[in-house]
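Notes to accompany the following structure.
To find a chain, count down the sequence lines: A is the first, B the second, and so on, and within it residues start at 1.
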There are 2 protein chains.
Amino acid sequence: MNALTTDIVLAAGVAVVREHGWNALSMRAVAARLDVTPMALYRHVSSAEALSEAVLTAIAGPIAEVTRSGDAIADLEAWARRAYAALVPYPGAATALLVRWFETAPALRAVEGLLQSMYDDGVDGFEAVAAVNVVFMFALMRAQGEQSVRSAGVVRRRLRTAAVAESLPRLTGLMEHYTTARFDLHFEYGLQALLNGIAARSVPA
Amino acid sequence: MNALTTDIVLAAGVAVVREHGWNALSMRAVAARLDVTPMALYRHVSSAEALSEAVLTAIAGPIAEVTRSGDAIADLEAWARRAYAALVPYPGAATALLVRWFETAPALRAVEGLLQSMYDDGVDGFEAVAAVNVVFMFALMRAQGEQSVRSAGVVRRRLRTAAVAESLPRLTGLMEHYTTARFDLHFEYGLQALLNGIAARSVPA
DNA sequence: ACCTGAACACCGTTCAAGT
DNA sequence: ACCTGAACACCGTTCAAGT
């Protein structure tokens, strides 16, 4: 009994990330959690990299779905909120996904769905790519949570540093588009700013 | 003689990344290259993470500068070409920078300069953020070079896979905005597509 | 002040062996 | 068929010791 399956291995990997963060994911950590030798895992994943890829795909699963209502702004908003909620419990997973989204099936499906939603609403080409891109990055960066908070702190510190003597007035002024210190509160604010920007472009001047 | 300095340590780190890629950067690798004990480095960098941060900042140095001509499109184009050229010799550095650009001084200065260039040309707010964002990501993703080529291959393979049975027609159609297989050739093509998209938005419809 | 050496707690992976 | 154990080549870092 207690036979090891691939699903059990992946579930253990997801649990490791949830409890100890993306960087703690390793063959030995997963094996230890299952009270098994590291070598036992090689029957179910071909390498440590394959394990990471499969675990990230499992974690990112919920972001794949995009509801298409005909209103692209509403779809982007709903998706961003779900992606944020899905990734927040897994420290470091959003960063990992930002780097590998092009190799991760649920992320590809999410981008595809968002591009389709824009197309349904009459937005195509560069406009669509830029809008989806900025919302996608925003949701992932916000989901980094505490890491983002630290980053925001670093920026402010750097502004007073000799290494970056020139200040960054534009970046500072537009910072809410990237990150803010109280991420859970300001997630909505930043998201609304982005969505308003996108909506404004659809309206004739 | 042959006294170790921080500059020597960082130069060795940069050389390790150039020759063996970002993932090969480690205390022990840098120490071995300098014919020195790993412990000797701790006099100049406080930790492995501090070493990585300093080496990435050194590599990213050349992307900080943004020439501001009054023509934002020209500025974006010139910057993207320089950033691409600067990062291509360092495998994996673009990916590392994509994750940490918010904590890396030269990247912050680049984004600031590009936002300023957009502002000079009458583009502000979301428009500026989205345009700078997409060009920034594009330049970094293209600089990944071979990794991007492999990623593009993965996408096509995934399209014929049961795991992602639904195809990705929009993403495929707009793929030149993200990546292409022959990156050095198509860098110019994709960049022009992006810049045309940005320029088109400035013109009244 | 500057560097070394040994040690400890990690990591992925190969290979031969158990049952 | 499935898992173990020992081994090898890595990793970061602490601590005590050399000169």
- prompt: Atom CG of L34(B) to atom C1' of dC2(C): distance rounded to whole Å?
  reply: 15 Å
- request: Report yes if the side chains of R68(A) and D120(A) come closer than 4.5 Å at any heavy-atom pair, otherwise no.
  value: yes
task: For each nucleotide in nucleotides 4-19 of chain C, reading 5' to 3', give B when a protein heavy atom comes within less than 4.0 Å of its base, S when such contact involves only the sugar-phosphate, and - otherwise.
output: BB-----BBBBB----
query: Heavy atoms, side chains only, cut-off 4.5 Å: are T104(B) and L108(B) in contact?
result: no
query: Paired with dT4(D): which nucleotide, if any, by Watson-Crick or G-U wobble criteria at under 3.5 Å for both distances?
result: dA16(C)
message: Counting only Watson-Crick pairs (N1-N3 plus N6-O4 or O6-N4) and G-U wobbles (N1-O2, O6-N3), all under 3.5 Å, who is the partner of dC10(C)?
response: none
- request: Can you run down the side chain to side chain donor-acceptor pair (under 3.5 Å) pairs that involve residues 37-46 of chain B, sequence neighbours left out, and say none if there aren't any?
  value: none
query: Okay, side chain of W79(A), backbone of I63(A): is any donor-acceptor separation there less than 3.5 Å?
result: yes
query: Can we say R82(A) and E77(A) salt-bridge, meaning some charged N sits less than 4.0 Å from an Asp/Glu carboxylate O?
result: no
